[in-house]
Amino acid sequence: MNDKNKLVAKEITLPVFNLADLRQSLLTWYQQQGRQLPWRNTRDPYLIWVSEIMLQQTQVKTVLPYYQRWLDTFPTLESLAKAELQGVLKAWEGLGYYSRARNLHKAAQIVLNEYNGVFPQQLSDVLTLPGIGRTTAGGILSAAFNQSVSILDGNVKRVLSRLMALPVPPKKGLKSLWQLSDLILDPENPRDFNQALMDLGAEICVKTKPRCLLCPWTSHCLAYQQGQQNQLPMTETTKPLPHKKIGVAVIYNDAGLILIDRRPNKGLLGGLWEFPGGKIEPDETVEDCIKREIKEEIDIEIEVGENLVNLDHAYTHFKVTLYVHICRYLTGEPKPIECEEIRWVSLEEIDQFPFPKANTKIIEMLKNR
DNA sequence: CAGACGTGGAC
DNA sequence: TGTCCAAGTCT
C-alpha cells in the first residue's frame, strides 16, 4: 500500500519527566490542599461506584445533593438491585444522561446475581459492567482497593495536555494522554495519586486562568515553561447545533386529569415521562402539528387551545423550542403507539413520575396557573 | 468511530 | 444569547 497520499497520524513522543519528584510534589500538595469529599471517607466499592457514575460529565457541586439523597434511598448495592427502574430514574431526575441510572441499576443486578453481591476486583470483570469504562473502572479500583490503574477524565486530560504541551486537541491525543497517565501514576500510592490529579485539575489547573503560582508542578509543566498555559489544551472543533421546533400538548380530560406518556427505555431521556408532542414540520402551524402528532402517537382526537408557554432548551447535540399548548381530549381510546405507556394523572400525583427538566418547567407552570 | 446522550455553571 | 465543557460510555 502506498501511503504517500495518506495522512499518517503524527506520533507524539512523551517528554522525559523526573517521576519521583513529580509524584512526591503532587502527593504533598494533595495532603495539604486536597478536597474533602464524602466518597473519600469510605472504601466501600458501591459508595465509590455511585459517585463515579454520577460524576461522569457532571461537576462535583451538582452531584453532592444527589449523592446524599441517593444513598438515603439506595444505601446498599442490594437495595439498588432490587429497586424498580422507575424509582431509580426518579432519584436520578434532573442529573441528566439517564442511561447512567439505567446502567447502574442493571449493573447492580449483575453484581448481585453473578458476583454474589460482591463488587469484582478484576479490571477485566469491572469493564464488562454496563456504564463502566476505562476511567470509571480505574477510579473505582484505585479508590476502593488502591489498585494501580490509571484514569483519564476531563481534569486529567487538561492537566496532562499542559504538562506535556500536547500539540493537538485532547480527542486527537488520547493515546498519548493515556500513556502519560499510565507513566506518571505512582504505583506506591495509586489511590491518592489519582485523586490528587483530579483535584489539581479542578482547583489549580482549571480551564480559564489556571492558578500556576499555586501549582506544585510548575517546574515540570512544559506549557508553563513555554508560557502556553492559557492556550492549552487546544480546543476541539465544534459543529453548529441543529434547532428543532416541537409542539407539546398538555391534554386535559373532562375529569381534569392530564395525559402523560413514558418514553422508550433506550435513547434520549429513555424511560422518563413527558407531555406528548413532536416536531413541527416546515409550513405547519403549531396547532396542526400538535393535532397530527397526538393522532399519530396516541391515536386520539383533541382540541388545541391556548399557548401555555414557549420554552427554549439546549441538549448536548441540538436545541429545541417547546411550543406548549393546553388541549382538551375529545374522542378515541389512547394507545401507546410510539411510547411505552400512557397515564391520566392529577397535578397532585404527577410528582411521583420522573420527568426531564424541560417538562418539570411545564409542570411548575401548571401548578401556578 | 464520530455521534448520541442532559443539565447547569462560568464567562 | 451563545459557547464551552464538566470525574465518559456506548454504538
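Below, chain A is the first sequence line, B the second, and so on; all start at residue 1.
Contacts of A:G201 with the nucleic acid, taken as non-hydrogen atoms under 4.0 Å apart, are absent. Using a 4.0 Å heavy-atom criterion, one finds that A:K319 contacts the sugar-phosphate atoms exclusively. Contacts of A:I151 with the nucleic acid, taken as non-hydrogen atoms under 4.0 Å apart, are absent. Using a 4.0 Å heavy-atom cutoff across all strands shown, A:L174 reaches no nucleic acid atom at all. Across all strands, A:S51 comes closer than 4.0 Å to no nucleic acid atom at all (heavy-atom distances).
One finds no side-chain N or O of A:R102 lying less than 4.0 angstrom from the OP1 or OP2 phosphate oxygen of B:dC5. A sub-4.0 Å separation between OP1 or OP2 of C:dC4 and a side-chain N or O of A:T235 is absent. Side-chain N/O atoms of A:K357 include one lying less than 4.0 angstrom from OP1 or OP2 on B:dG8. Residue A:T208 places none of its side-chain N or O atoms closer than 4.0 Å to OP1 or OP2 of B:dA10. A close approach under 4.0 Å does occur between a side-chain nitrogen or oxygen of A:K239 and OP1 or OP2 of B:dG3. Applying the 4.0 Å criterion to OP1 and OP2 of B:dT7, one finds that A:Y98 has a side-chain N or O inside that range. Regarding contacts with the backbone of B:dC5, a side-chain N or O of A:H317 is found under 4.0 angstrom from either OP1 or OP2. Regarding contacts with the backbone of C:dA6, every side-chain N or O of A:Q57 stays at 4.0 angstrom or more from both OP1 and OP2. Within the 4.0 Å cut-off from OP1 or OP2 of B:dG6, not a single side-chain nitrogen or oxygen of A:H313 is found.
As rounded to whole Å, 15 Å separates atom P of C:dA7 from atom CG of A:L177. When the C1' atom of C:dC10 is taken as reference, atom CD of A:Q56 falls 11 Å away, rounded to whole Å.
Projected onto DNA chain C by closest heavy-atom contact, A:P130 and A:R40 fall at different nucleotides, the more 5' of which corresponds to A:R40. Take the nearest nucleotide of DNA chain C for A:D312 and for A:I132: the residue whose nucleotide is more 5' is A:D312.
Proximity of the aromatic rings of A:H325 and A:Y323 is defined here by a centroid distance below 6.0 angstrom, and this criterion is not met.
A:R100 contributes no side-chain N or O that forms a donor-acceptor pair with the base of B:dA4 under 3.5 Å. Counting atom types as modelled, A:T62 pairs no side-chain N or O with a base atom of B:dG8 as donor and acceptor under 3.5 Å.
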Residue pair A:I258, A:F275: steps toward the side chain to side chain contact (heavy atoms under 4.5 Å, CB included) verdict: CA-CA 9 Å; A:I258 300 168; A:F275 300 105; 3.8 Å; yes
Pair A:S51-A:V63, side chain to side chain contact (heavy atoms under 4.5 Å, CB included): steps then yes or no: CA-CA 8 Å; A:S51 77; A:V63 164; 5.8 Å; no
